[in-house]
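Remarks on the structure that follows.
Values reported hereafter were calculated over all heavy atoms of this structure, with side chains retained and with hydrogens, waters and symmetry mates removed.
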Amino acid sequence: MKNFLSKLILTLFFLSTSAVAGYDCYGEVDVILQYSNGDLNVRTSYRDEYTVFCNLETRRKNVSPETCKGMLSILLTAKASNKKIITYYNSHTCETLPTYGSAPAPIYVGLYEQ
């Protein structure tokens, strides 16, 4: 019984840690699109596809319009200054992020210098 319990605890531990794994994505901002509905759609070098980060008019995937404006500011700064960004996602790798409106919102967006 003790051996079974130990194996069960270890299995649950590994399942829980893999479920909350996060991924940093580093890259250049290739294109920034703002749609008339407020969606902020971005193509980056780490994904090479468009992903909606947030919405400037309404809350989208737990990101407020105020936070979205901050993200837009970081993206515009990165594009204008030719700097890379870092984003963090807790559910997908950089290569497997869903595209367009199916994309999760990044947990954070920042400027990155090597």
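- Side-chain atoms of Asn41 come within 3.5 Å of backbone atoms of Thr51 as a donor-acceptor pair (strictly under, hydrogens ignored).
- Checked against the 6.0 Å centroid criterion, the rings of Tyr23 and Tyr89 do not qualify as a close aromatic pair.
- When side chains are defined from C-beta on, Glu28 does not count as touching Thr44, because their heavy atoms never get closer than 4.5 Å.
- Side-chain N or O atoms of Thr96 include none that pairs as donor or acceptor with a backbone N or O of His92 at under 3.5 Å.
- One N or O on the side chain of Asn55 and one on the backbone of Asn37 form a donor-acceptor pair closer than 3.5 Å.
- Panel note: side chain Thr77, backbone Ser73; a donor-acceptor pair is recorded below 3.5 Å.
- With rounding to the nearest 0.5 Å, the separation of OH in Tyr46 from CG in Asp30 is 10.5 Å.
- Here the closest heavy-atom approach between residue Pro98 and residue Ala103 is recorded as O-CB, 3.2 Å.
- Exactly one residue among Leu56, Thr58, Val109 makes a side-chain contact (heavy atoms from CB on, under 4.5 Å) with Cys68. That residue is Leu56.
- Met71 is listed as a side-chain neighbour of Val63, based on a closest heavy-atom distance under 4.5 Å.
- Here the side chains of Leu40 and Leu75 are in contact, with some heavy-atom distance below 4.5 Å.
- Both Tyr35 and Val31 are members of a single hydrophobic cluster when ILVMFWY side chains are connected at heavy-atom separations under 4.5 Å.
- Minimum interatomic distance between Thr99 and Glu49 (heavy atoms only, all atoms of both residues): CG2-CB, 3.5 Å.
- Side chains of Pro106 and Phe53 form a contact here, defined as non-hydrogen atoms less than 4.5 Å apart.
- Rounding to the nearest 0.5 Å gives a distance of 9.0 Å between NZ of Lys69 and OG of Ser64.
- The cluster map of Ile, Leu, Val, Met, Phe, Trp and Tyr, joined by side-chain heavy atoms under 4.5 Å apart, puts Leu97 and Leu33 in different clusters.
- When side chains are defined from C-beta on, Tyr100 does not count as touching Asp39, because their heavy atoms never get closer than 4.5 Å.
- The stretch residues 56-66 participates, sequence neighbours left out, in no salt bridge (charged side-chain N to carboxylate O under 4.0 Å, His left out) pair at all.
- The cluster map of Ile, Leu, Val, Met, Phe, Trp and Tyr, joined by side-chain heavy atoms under 4.5 Å apart, puts Leu72 and Ile74 in the same cluster.
- Between Asp24 and Tyr88 there is a side-chain heavy-atom pair separated by less than 4.5 Å.
- Checking side-chain atoms of Lys84 against main-chain N and O of Tyr26 turns up no donor-acceptor pair under 3.5 Å.
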